[in-house]
Student: 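Structure in C-alpha cells, see below.
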Amino acid sequence: MRKPVFIYLILFFIATITKANALVLTDSLIFNLTNLIQNKDTFVEQKELYLSQIKKKLNNSTDNLNLKFELQKQLSSSYASYKSDSAIYYAKKNLDLANRLQNLNWILETELDLSLHYLVAGMYIDSKDILDRIAVKKLNNHLKIKYLDAQKNFFKFYAYHNYNQKNYLAISHTYRDSLLTMLDKASNHYKMVYAEKLIDLDKIKEAKVILNSIYETIKEDSHEKAMLAFAISEIYRKEGNVGKQGEFLIISAGCDIKNAIKENTSMQALAFLLHQKGYIDESYMCIKSSLEDAIFCNAKFRTYEVSQIFPIIDASYQEHQKQKKEQLFMFLIVASVLSILLILAIIYLYKQMRKVSRFRLELFKANQDLNKLNDELQTKNQEYKIVNQKLSKTNNLLYESNQIKEVYIGHFLDICSMYITKLEKFQTLIKKMIMGDKISELLNLVKSNERIDKEKKELFNTFDHIFLHLFPSFVDDFNALLAEDGKIMLKTNELLNTELRIFALIRLGVNDSSKIAGFLHCSLNTIYTYRAKIKSKAIIDKDEFDKNIMQIGTIKSI
C-alpha cells in the first residue's frame, strides 16, 4: 500500500496544465467517508480493547513460554500498522525470549518481523543490519518467503528517496522474482505479488483480472481488502478511470479506518485525488486524517510523505475557506439588504391590507344587502314558479278538457244526427208495417233486443275508438299500475273491455259510479265490484289509484 511522494507531486503539477478526468462522488460515498473519519476513535477503542485482552492473557502466561511468545508475537503484529514503537517493543521482547531459549526459528522469525517494524518507522539502517546478518541457509521455506518479502519491501522503500533509484528498484524486483518461485501459485500472496509485477510491466489488463478475482472472494472489510482495493485503484489510475480510482480508494481507506490501520497510504492518495478534482473540503479532511494517523503510528516515512502534500492541500483549503467567508459576507450583505427591503415591503403591504380590509368590509356589507335582495328575489321567483306550475297544470287540464269536449261533442253531434236518421228510418219501417197490417211482425220487432244490443255495441266501439285516439297508450299504462297476475289481457279485435271502459270514463273526468253505470248500461253494484277488484290488484296505494289514472297518457291532438 506504499506509494512514493514524488509521484504525487509530479501528478499534481501535470494535473494543473492538463484537463483532468471527471470525478463524481455520490452523496452516499461522501457521507460514508465523512462518517468513518469522524468516528475513527470508535474503531481505535475497539482496537485498544482487543489489544488489552491479549495483554491480559500475556500477564497470566508467565510460566508458559510458548504461549508468551505467541501472545507477544500477536501483539507485535497487531501494533505493526497501528503503533510502530509498540510493535518494535514487543518484537524485541520476543527476541530476548528466543535468545534465552536458544530457539533458532523463533530468533530468525522475530528478527524478520523486527526488520519490517524498523522499515515502517523509517529506521532503514537498523532494518538493513538485521537482514544482512540473517543466515539465509538456516531459513525454512516459511521464513525464507518472509525474508525475500522483507528484502523486496526494503529496497522498494529505500529507492523512493535515493538518487540511485533504478538500481535499488531492480534489486527489489530480483527479490520479488525469487519470492514468486517460492510462493504457492494458488495463494493470494502469490497472486498479489505477481499482479504487482504485471503492473510494473504495464500489463494492466492481466493484473486487473487477477486482482478482481481475489477481490470478489473477500467479503469482510479486512486489512487485506484495503491493500487489494488500493492495488485495484492503481490499475484504474493507469487506465485513466478517475471515477473507479476514487471509488476503490474510498473502499481501501474505509477498511483501514475500520481496522484502525494507522500506517496507510489510501487516505493520503485519496486526499491528493480529491484535491486534484476540486473536492477541497473533503481533500483537507482526508489529508488531516492521514497526518494524524502517521503521527499516531510514529511512521516517519508516512509522516514525511504527508508533510510534502499537506501544505499544498492546506493552502487550497485556506483559500477555499477564504472564498467561502467572502461569499458568506456577500450573502450577509445581500440578506441584510433584502431584509430591509422585506421590512419596507411588509410595511407597505400592511397599509395596503388595511385599505383592502376597509374595502372588504364595505364590500361585505354591500354583499349582505345584495344577498338579502337576492333571497327576496329567490322567494318571489319560487312563488312565481309555483304559481306558473299551477297555471301550467290548470292550462293542461283545460286543454285536455277542451280537447275531450271538442272530440266528444263532435262525435256526439254525429251520433245524434245518425240516431235521428235511424229513428226516421225506424219510424218509416213501423208505418209501413202498420199500414201493411203486419202487427205481429211489428210486435216481434219491438220485443227483440237485437237492435238495442247492436246499438250498444256500436256505441261502445265508437267510444273505444275515440278514447284510444285521445290516449293511445292507455292500456299499457293502465296495466303498468297492476301486478302481473292482475294485468288485463284483451281478446282479439277487442279495443277495451268493461273494466277498462270504467277507468277510461274516470280518466275523462266521469268519477260518479252511477253515471258510469248509466253509460255502460249496467248496475251500480257491478261498477263498484269492478273498481274494487282492479284496485286490489294494484301495485300502488289504492287511495292514490284514481289519481294515477288521471295522470295516464297525453291527449293526442285531433
Side-chain angles (χ1 to χ4, degrees), residues 1-3 7-8 11 20-44 46-47 81-82 188-189 191-193 195-196 198-199 204-205 207-279 281-294 297 299 302 305-306 309 313:
M1 291 181 61
R2 299 172 174 83
K3 189 170 183 62
I7 292 181
Y8 286 122
L11 289 172
N21 290 320
L23 172 64
V24 180
L25 297 179
T26 63
D27 292 340
S28 60
L29 282 175
I30 293 294
F31 175 79
N32 290 336
L33 177 64
T34 304
N35 186 56
L36 285 172
I37 292 175
Q38 290 175 347
N39 291 280
K40 282 199 305 183
D41 292 342
T42 302
F43 299 106
V44 169
Q46 294 174 1
K47 182 87 170 185
S81 56
Y82 180 61
N188 285 347
H189 191 182
K191 293 176 181 177
M192 290 282 288
V193 175
E196 179 187 321
L198 291 174
I199 292 172
I204 305 301
K205 291 183 179 179
K208 188 176 181 180
V209 171
I210 293 172
L211 292 178
N212 281 332
S213 66
I214 303 173
Y215 186 80
E216 291 174 358
T217 63
I218 300 175
K219 304 302 180 183
E220 297 181 354
D221 293 334
S222 60
H223 184 43
E224 183 184 5
K225 183 177 181 179
M227 293 188 295
L228 192 59
F230 179 79
I232 295 173
S233 75
E234 283 294 286
I235 289 177
Y236 283 118
R237 182 185 66 79
K238 288 199 170 189
E239 288 182 345
N241 190 337
V242 180
K244 280 292 185 179
Q245 179 191 358
E247 181 181 335
F248 276 91
L249 281 176
I250 289 175
I251 293 171
S252 179
C255 291
D256 282 339
I257 293 173
K258 291 176 183 178
N259 291 280
I261 303 299
K262 299 298 183 179
E263 197 282 314
N264 61 71
T265 190
S266 297
M267 191 67 75
Q268 177 186 340
L270 180 60
F272 179 79
L273 180 65
L274 291 171
H275 177 269
Q276 184 182 357
K277 299 306 176 184
Y279 290 86
D281 291 339
E282 292 80 3
S283 173
Y284 181 78
M285 175 181 65
C286 291
I287 199 65
K288 185 171 176 289
S289 174
S290 181
L291 182 60
E292 290 171 353
D293 289 346
C297 183
R302 285 293 162 238
E305 280 192 322
V306 175
I309 303 172
I313 296 177

Student: Applying side-chain contact (heavy atoms from CB on, under 4.5 Å), can you list everything that pairs with N32, at least two apart in sequence or on another chain?
Tutor: none
Student: Got a donor-acceptor contact below 3.5 angstrom from the K238 side chain to the I199 backbone?
Tutor: yes
Student: Within this structure, what is the CG-OG distance for the pair N259 and S222, rounded to the nearest 0.5 Å?
Tutor: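 Here the interatomic distance stands at 6.5 Å.
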Student: Can you tell me which residue among L211, I251, N212 is in a side chain to side chain contact (heavy atoms under 4.5 Å, CB included) with L228?
Tutor: L211
Student: Would you say NZ of K288 has more than 12 non-hydrogen atoms from neighbouring residues, nucleotides or ligands within 6.0 angstrom?
Tutor: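 No.
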Student: Might you point out which heavy atoms bring A271 and C286 nearest each other, and give the distance in Å?
Tutor: CB-CB, 3.6 Å
Student: Would you give the length of the straight line joining atom CD1 of I250 to atom OG of S28, rounded to the nearest 0.5 angstrom?
Tutor: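 Interatomic distance, I250 CD1 to S28 OG, rounded to 0.5 Å: 9.0 Å.
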Student: Supply the atom-to-atom distance D41 CG to F43 CZ, rounded to the nearest 0.5 angstrom.
Tutor: 10.5 Å
Student: Once the angle between the rings of F248 and Y236 is folded into 0 to 90°, is it parallel (under 30°), tilted (30 to 60°) or perpendicular (over 60°)?
Tutor: parallel
Student: Say whether, by atom type as modelled, one donor and one acceptor occur between the side chain of N39 and the main chain of T42 under 3.5 angstrom.
Tutor: no
Student: Measuring from atom CD1 of I232 to atom NZ of K244, what distance do you get when rounded to the nearest 0.5 angstrom?
Tutor: 10.0 Å
Student: So does F230 get a backbone contact from the side chain of S233, meaning a donor-acceptor N/O pair under 3.5 Å?
Tutor: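 Such a contact is found between S233 side chain and F230 backbone.
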Student: For K225, which residues count as a salt bridge (Lys or Arg N to Asp or Glu O under 4.0 Å) partner, sequence neighbours excluded?
Tutor: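 Applying salt bridge (Lys or Arg N to Asp or Glu O under 4.0 Å) to K225 gives D221.
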Student: With rounding to the nearest 0.5 Å, note down the distance linking CD1 in I218 to CD1 in I214.
Tutor: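 Reported to 0.5 Å precision, the distance equals 7.0 Å.
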